[in-house]
Each structure stands twice: as structure tokens, then as C-alpha cells.
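This report concerns only the one structure given below.
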Amino acid sequence: MMDNIIEIDNLYYSYEDEDNYSAVIEDLNLKIERGSFTVILGHNGSGKSTLAKLLNGLYKPTGGTVKVNGMLTTDEDKEFEIKKTVGMVFQNPDNQLVASVVEEDVAFGPENLGIAPNEIRERVDYALKSVGMYEHKDSSPSRLSGGQKQRVAIAGVIAMKPQCIVLDEPTAMLDPSGRQEVIDTILKLNKEQGITVVLITHFMNEAEFADRVLVMDDGTILDDGKPADIFSKVEFLKKCGLDVPQTTELLYELSKNGFDVSRGIISAEETAEAIAKLF
Amino acid sequence: MIKDLTIGQYYPVNSLIHSLDPRFKIVLLVVLLVFTFIADNFFALGLMVAFVLVVMVISKVPFSMYLKNLKIILPILIFTMLLNLFYVADGVVLYEFWVIKITVGGISRSVFMSLRVILLIIISATLTYTTTPNDLTTAIERLCSPLRFIGLGSAVHTMSMMMTIALRFIPTLVEETEKIINAQKARGADFESGKLMQRVKAIIPILIPLLISSVRRAYDLAEAMESRCYNGGKNKTMMKQLKIKNGDIISTIVVIIFCCSIITLNIFF
Amino acid sequence: MSFLRVENLTHIYNQKTTYSRDAVSNVSFTAEKGEIIGVIGHTGSGKSTLIQHLNGLLKPDEGHIYIDGTDIWADPKKIKNFRFKVGLVFQYPEYQLFDETVYDDIAFGPKNMGMSSEEIEKTVNEIILEVGLSKDYLEKSPFDLSGGEKRRVAIAGVLAMKPEIIAFDEPTAGLDPSGRQMVTDIIRNYRDKYNATVIIVSHSMEDIAALADKILVMNKGKLQMYGTPKEVFSKGLELKEIDLSVPQVTTVFDILRKKGFNLPDNVITVDEAVKLLVNLKQEGCTND
């Protein structure tokens, strides 16, 4: 039997204050397997950020259910248990750090959970080491780069010992090296600590190492599969307003020109290899 | 302009004063502030000055830093001096012109009062120079924690959370303000010339974007805090436990002895 | 003589300020009317500092900036004139919108220039179309628009001053592909219509490859390279040393060349790459 950490059934969501009713999420069904690395791709306004906030009960479903480890996100008694299980990292690195000292910020979650001081100390050190920010523990967040701030935000979640981390466009406001830092950190947490990762993004190349890729548009999931399968559908991805990496596009164009080339590849090395095979 | 703004005045060196428990530091310095007022003659105040000088030396903060503070309050200082000089008529008259009468008593009073103001400033500056804003916030929260017994626990927590967030976001907002100013300048906005009304109007293109972005940040932060199980400070623990060290006890004893000396001097002179 | 000439520009990093800026040292380059210059460099390489000098927001510690032959700091009192000659679109410009209507916000720059209200009306009505929005938008509040629309209104606010030189700091940051395409089209159209000099700071090598006539590479405050995209991206190793990348197809071709393929080192777009590979296959077939 598959062990799912998150189960979503017939999920609907619409904003209450909107004059004209329009669903942001429509009849969405999804199961996230424990320990997996799932990437959700979608352009701005596809409903992917709303979905993220539904996963830990920050938003409550208008219809249908979201279950975390079998707990309904609408169950108020389970609120903290759910938020502790599914940690969230947001887009803007500046707007999610609370304290003006790195280690105090990381301690914020465990402090709220009422954990004993010496255990918080251990958790904070461990969390900062896992994201490679331990040597900055006494710095002020305002002195850090965007990538470093995001890693501190991830540490803040790790310190709550989550089973799953949902990252809502964590790299959208970062430069390429910051982006790489964050993606490397996420991969490491997934592979080494077995934490379930749901990464929401509009950068396709961040999906390269995922176990599973979902494509979202208009509040529903349009496609679901292995990275290679999804990436080979270049026309479809472009129609969904997604950014197709040059490598993927090159292979696609070659196949349109009558080459029998394998598709759905992102890395430059594999692309070169695939092309080399043609000659 | 805005970029000269510094938050707090923490001067990062290692000194005995820096290493004191912030709770003790606050209480001891408040006691010193109170005793600046209790000392009511030149002998007691002289001892006070000597003691504060020793504290300044131990703090390893350069005297020039303390002087900078005094420069800011120079107008208040001069005002205090003049006020006492002209209004205290006591003892031998040295100079008299129209309604102005300068007396020996006036001079001594004005020197006494200025010394008091200077001491007050230096004692408060010692606290901010030797304690990080974070430690201050923590210490104030802990010192106020007995208030929870009269039902003010959440108020204390709210205050300290507000201070923490303010400290965290001041640098961010300063940077943002600078960016917005530059962007509007690039569209030809003029903040430096014009009449008062024009200048006030010129601030609108800065204030509105700043306000909107602060509201946006506040929403984001609220969601981030909620995701990290924030519930208004109920059952909250603290990672950093303040520990009382030998230095704290010794300083307390020193301050107590000092206070007794001041009282003695007050009585005998 | 070149339209824009930067000579030995040096900006010393001032540690006293809380808002740190990156240093620029001894940078010289020229640009012509109608050229699009891409500026690339690692964060902290001095790119943003460099472009803030062009309209006099920052004053060089050493060196000069000449626009159309005039040193912009020759008379410091007249520096404001260059704010209108050189437009500057900052990163995430939509955060600087402030007025009640889109019309008023776009009109802010022209008003500061002292344009007459008829002129302003004409300009605003023209510019709103150039950024791909209809005139219906003029009466809306800028805060009711979508992210991409806000970005376009903010850019319109700078274009409305009809600057002869315009610099963009990360104009496509945070946008999705359709939004990015829209913004690059606006930039290209403005250059074509007004023959303006355009300077674009970007982290996306692919965007720069597609848009720029010349690329200026900054590293630690110094100008490392200045040349056409093909020249710059053919030096992949040198770029890697300073933590920059080349477009992905360039990397693919580099690997293929190492495998012994006879392919050029300056391929930067997918179209070129496809054409070259198709040709190579056909040649291969005829040789057999």
C-alpha cells in the first residue's frame, strides 16, 4: 500500500470577499507520497500558491478535504499538529523572518511549540547545520543575501521537525547562485533526511531532480508524471505559460526536424549525449 | 539623510559591563539614575561622577562615543544652565543688570544641575552602548513577566513581539525607503527644494508605496508566523535562558555599597 | 563620437551607510544610439551602482559620464536635466506606483519635467498603448491591476519622459514567460521607435542572448569584458571563473565540440543551434 502524507479529495477553493464567485481551485485530487519530491509547475495565477497554503491549513477548503497524516486541516484541535507536520517556506525571503538574529529566528517555531530550552538549542544548531548556515547564527538577517535568508527560513521549518516541507516559489526573487543554494539545500533534505518535499515553482529546470512533476493551470492539475515525460511535451508546457529550458526546446525542435532524438531532458550533458547519438 | 540612521547604539566590544545579565544591567543602571537625583550635595554628586567615570572606563566604549551623545543634548544642557543661573538668587550677588541677577548660589546650582543631566545621559548611554537591542527586548520582557500574575501576560508578550518585529524590519524598511526615493528621483521628483507645502506634497510618492509594501509585508509575515505555530505567546518557551553569573552578583554588591555611600554623604554634608 | 561615454568611472564603497552599495572601479565604455547593452555580473559586482550613475543619482568619486558630448556633472545644478534624458527603471518597479489612477502615475514624470497638460495627455495616451495596455486602463487604480500589468504601468511611467537613454534593472524578475515576453517586446519597440540607447541588467543569460547587441560583463566592480553576445559567450571558461554561466545551448555545443564535433563556440540561441545541427547532418549524409 502506498503511504501518503497528504491526501486531497475534490478540493474547491474560492476567495470569500470576491464579489463574483470564481473558484481558484476546482475539483482537485492529489496524493503526495511520504518521502517523495514533488514539483508543482504553473504560471502566475494558476492557483499553485493557493494550493500551497491549503496544504498546511493556512487556508481552509471551500469544498472537499485536505488531510495531513489522516488529520483534516479543518480540525481546529489538530491545527498545530498539522502546521508542525507540514512546514512552509514562502516566496519573499524578507517577509518571513521574525527575529533580528538568525538563531533566534530559527528558534521561533520550537519556542511557540513550548519545547524545553535545551532541546530548542539542539534543534536550532542541527537545523542551521543542515542548511549550511551555522556560522551565521549570530548575524542579522538584513546582512544576508537572498539565498542565505531563504536557507534560514528553511532552517526555521526544520527546527520544528516537520515530515513535509512545502516551498511556495522559494527562488522567484533570488539570483542564479541563490537559486542554486536553495535547490541544493532542498534536495539534500529530501535525500538525506527523507523529508517529503513539495516545491512550487515556475522554473522548469528546478523540476529536473523531482520524483514527480505536476502541471497546474486554472486551479486544476493538467498533467502528472515523471520529469522526462512532462518535459517532452513542449507545446503543452508553453501553452500552460511555462518556461521551457533551451536544452528541452532544442531537442524538441530537432525532433520536429525529423531527428529521432530522446526528449524530456534538461541537463546540458545529457542533451549533448542525446545529440551525439544522432551522428 | 536616512542612511545615517542607526538602530540602537550598540558598541561591540567585550567588557565586564557588556557581559552582565541585561536584566541586572537595566535594574542597576536605573538605580544609578535614581541616585543621581538622590545625591543632593557636591560631595555625593562628586562620588557619583567618579563612579560613572569608572563605569565608562570599564565599558571600553571610547569617551568620544559618550561625548557624541552629549553634543546632541547640548541645547538642553545650556538651557538648564541658564535657567538655574538666572532664576536662582542665593548668596553673594556677582553681577546685576535690569532683571538679571547672577549670584554665587545660582552658579553653583547651575553647575550642579548640568552635572546631573550629563550623568543621566551617560548612564542611559552606557545601557544602549553595552546591550544589543535584542537583549534589551528580552530583558524587558523578563523583567515585566511578573505582570502576568495580574493578568497582563499577553500584553507584555505583545509588546515584546512588537519590539522584536520592529527591530527586524527597520533595516529592511530603511533600505526600501531609499530605493523608493531613488526611483521617484529618477522620475524627476524633487525632495530638496520648494516651499513647505510643496515639500510635504513631495513626500506622498514615497509614503504611499512604503505604506502599501508594509501592509503587504505584514500580511506575509502574519502567514509565515501562523505557519510556524504562533499563537500569541501562549505556552511559549525561550531558547535563550538568562543565567546569573558571578559578575552580576559582584556588580550588584558594588552598586549597593555605592548607594549607601551616597546616602551617607547626603546625611553628613 | 559616441552618444554615451563612460570614462574611468569609480565609486568607492562607503561603509558608513547602512544601505551598502557595491564599488565600481575604473569602468570605461561607450554606447551608441539604438544599441541594446546587456549588463551581466554576479550579485555585488557593481551593476546596479553603475547604472545609478548614468542619470546622476550617484555621483562618481572619479571619472566622467558624457552624454551627447556633455559631462553630466559639468554643472551640478543642472543634474536634474539628465534625470529626464536618462530613464531608470528599478527592480520590481511596480512597488513604486503611488497615484490614484494609472493616468496620474504615468504623468508623474512628465509633470516633473514641466510638460504642458496637453503634451502630458498626448504622451500618456501614446505610452499606454506602447506598453500593450488599452486606454481603458488609464482611469483604473494601479493597485487593482495584476502583477504583470502593474509592471508595465511602472515602465510606462519612465518611458513617458521619452528618455534618450534608458536603463532597466532586472526588468523581467519575478514574471512568468508571457509577462517576460511582453516586457522584452516593450523594450525592443521603444528602442526601435525612438532610437534610444537601452541598458539592461539581467541574470538571465538566455534573455540577454536574445535581446542585447553588446554585453558588458562586470566582476568585482571592474569591467571584465565588453563585446557582442557571440564574443562574450564564446568565452565560457572565463565566465565560469567569475561565477557566470553561458546560455544552455552554448554549453551543449561546448560538450559536443569536446566530443569531436566540428561546431562553432558562439551559438547562443535555439534557432541557430537547430539550423547548424540540421546542416551538419545533411553534410554528414552527403559525405557518406
Side-chain angles (χ1 to χ4, degrees), chain A residues 49 52-53 55-59 79-125 138 140-143 149 153 156-157 159-160 162 165-166 168, chain B residues 3 5-8 10 12 131-138 141-142 157 160-179 212-243:
Chain A
S49 284
K53 287 168 185 168
L55 293 180
N56 78 339
L58 215 46
Y59 292 175
E79 187 188 341
F80 292 126
E81 193 57 37
I82 287 168
K83 295 208 163 96
K84 202 172 82 181
T85 311
V86 180
M88 279 274 252
V89 176
F90 299 87
Q91 180 181 31
N92 191 325
D94 268 319
N95 298 359
Q96 52 185 322
L97 302 182
V98 184
S100 47
V101 178
V102 165
E103 60 172 13
E104 282 180 21
D105 185 82
V106 176
F108 183 72
E111 283 177 348
N112 289 332
L113 294 169
I115 286 159
N118 45 355
E119 199 197 326
I120 301 183
R121 181 78 258 173
E122 275 169 33
R123 284 187 180 201
V124 167
D125 291 349
D138 297 317
S140 152
S142 58
R143 304 253 170 235
K149 281 182 210 169
V157 170
M160 301 204 301
I165 303 182
V166 177
D168 183 10
Chain B
K3 55 188 166 231
L5 179 84
T6 49
I7 323 118
Y10 184 65
T131 324
T132 61
N134 283 296
D135 282 346
L136 269 182
T137 314
T138 319
E141 188 182 2
R142 303 293 165 89
H157 171 77
S160 104
M161 197 69 231
M162 276 165 63
M163 276 164 73
T164 306
I165 292 173
L167 286 174
R168 160 70 190 83
F169 279 91
I170 285 169
T172 311
L173 290 182
V174 167
E175 197 175 310
E176 178 147 18
T177 310
E178 183 147 334
K179 269 187 204 154
I212 288 171
S213 99
S214 302
V215 170
R216 185 173 41 83
R217 283 182 198 283
Y219 270 110
D220 283 1
L221 187 68
E223 283 189 340
M225 285 169 69
E226 212 184 304
S227 294
R228 288 163 77 183
C229 299
Y230 181 69
N231 65 345
K234 266 176 261 145
N235 308 321
K236 194 178 158 129
T237 48
M238 289 243 192
M239 174 174 72
K240 280 190 183 156
Q241 295 296 309
L242 297 172
K243 267 200 217 101

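The analysis underlying the following values was restricted to heavy atoms, covering all of them including side chains, and did not include hydrogens, waters or symmetry mates.
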Next item on the list: Determine which pairs satisfy salt bridge (Lys or Arg N to Asp or Glu O under 4.0 Å) with at least one residue from residues 162-172 of chain B, sequence neighbours left out, and list them in order.
Entry: A:D94-B:R168

Check: Between B:Y219 and chain A, which part of the residue has a heavy atom less than 4.5 Å away: side chain, backbone, both or neither?
Finding: neither

Checklist line | B:E226 portion near chain A, given a 4.5 angstrom heavy-atom threshold | finding: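 For B:E226, heavy atoms of backbone and side chain both lie under 4.5 Å from chain A.
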
Sort [X] into side chain, backbone, both or neither according to what part of it lies under 4.5 angstrom from a heavy atom of chain B.
{"X": "A:P162", "answer": "neither"}
{"X": "A:F90", "answer": "side chain"}
{"X": "A:L97", "answer": "both"}
{"X": "A:V166", "answer": "neither"}

Check: Where is the tightest heavy-atom contact between A:F108 and B:Y230, given as atom of each residue plus distance?
Finding: CZ-CD1, 3.5 Å

Distance in Å, [X] [atom1] paired with [Y] [atom2], rounded so as to fall on 0.5 Å steps:
{"X": "A:N95", "Y": "B:F169", "atom1": "CG", "atom2": "CZ", "result": "5.5 Å"}
{"X": "B:C229", "Y": "A:K84", "atom1": "SG", "atom2": "NZ", "result": "7.5 Å"}
{"X": "B:T164", "Y": "A:E104", "atom1": "OG1", "atom2": "CD", "result": "8.0 Å"}
{"X": "B:M238", "Y": "A:I120", "atom1": "CE", "atom2": "CD1", "result": "9.5 Å"}
{"X": "B:L167", "Y": "A:S142", "atom1": "CG", "atom2": "OG", "result": "10.5 Å"}
{"X": "A:E103", "Y": "B:K240", "atom1": "CD", "atom2": "NZ", "result": "4.0 Å"}

Check: Just by modelled atom types, is the B:N231 backbone N or O under 3.5 Å from a matching donor or acceptor in the A:N112 side chain?
Finding: no

Checklist line | Main-chain N/O of A:I115 paired to B:T237 side chain as donor or acceptor, under 3.5 Å | finding: yes

Taking every non-hydrogen pair under 4.5 Å, which of [options] racks up the most with chain B?
{"options": "A:S140, A:G87, A:A107, A:A99", "answer": "A:A99"}
{"options": "A:N56, A:V124, A:N118, A:V98", "answer": "A:V98"}
{"options": "A:N92, A:V89, A:D105", "answer": "A:D105"}

Item checked: Residues that B:K234 engages under side chain to side chain donor-acceptor pair (under 3.5 Å), provided they are two or more places apart -> none

Check: Tell me, do A:K83 and B:R228 make a side-chain contact under 4.5 Å, heavy atoms counted?
Finding: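 Sidechains of B:R228 and A:K83: no contact.
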
Item checked: Atom CG of A:D138: over 12 foreign heavy atoms under 6.0 Å ->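 Atom CG in A:D138 is packed in, count exceeds 12.
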
Checklist line | Qualifying residue for side-chain contact (heavy atoms from CB on, under 4.5 Å) with B:M239, from A:E122, A:E119, A:R121, A:R123 | finding: A:R121

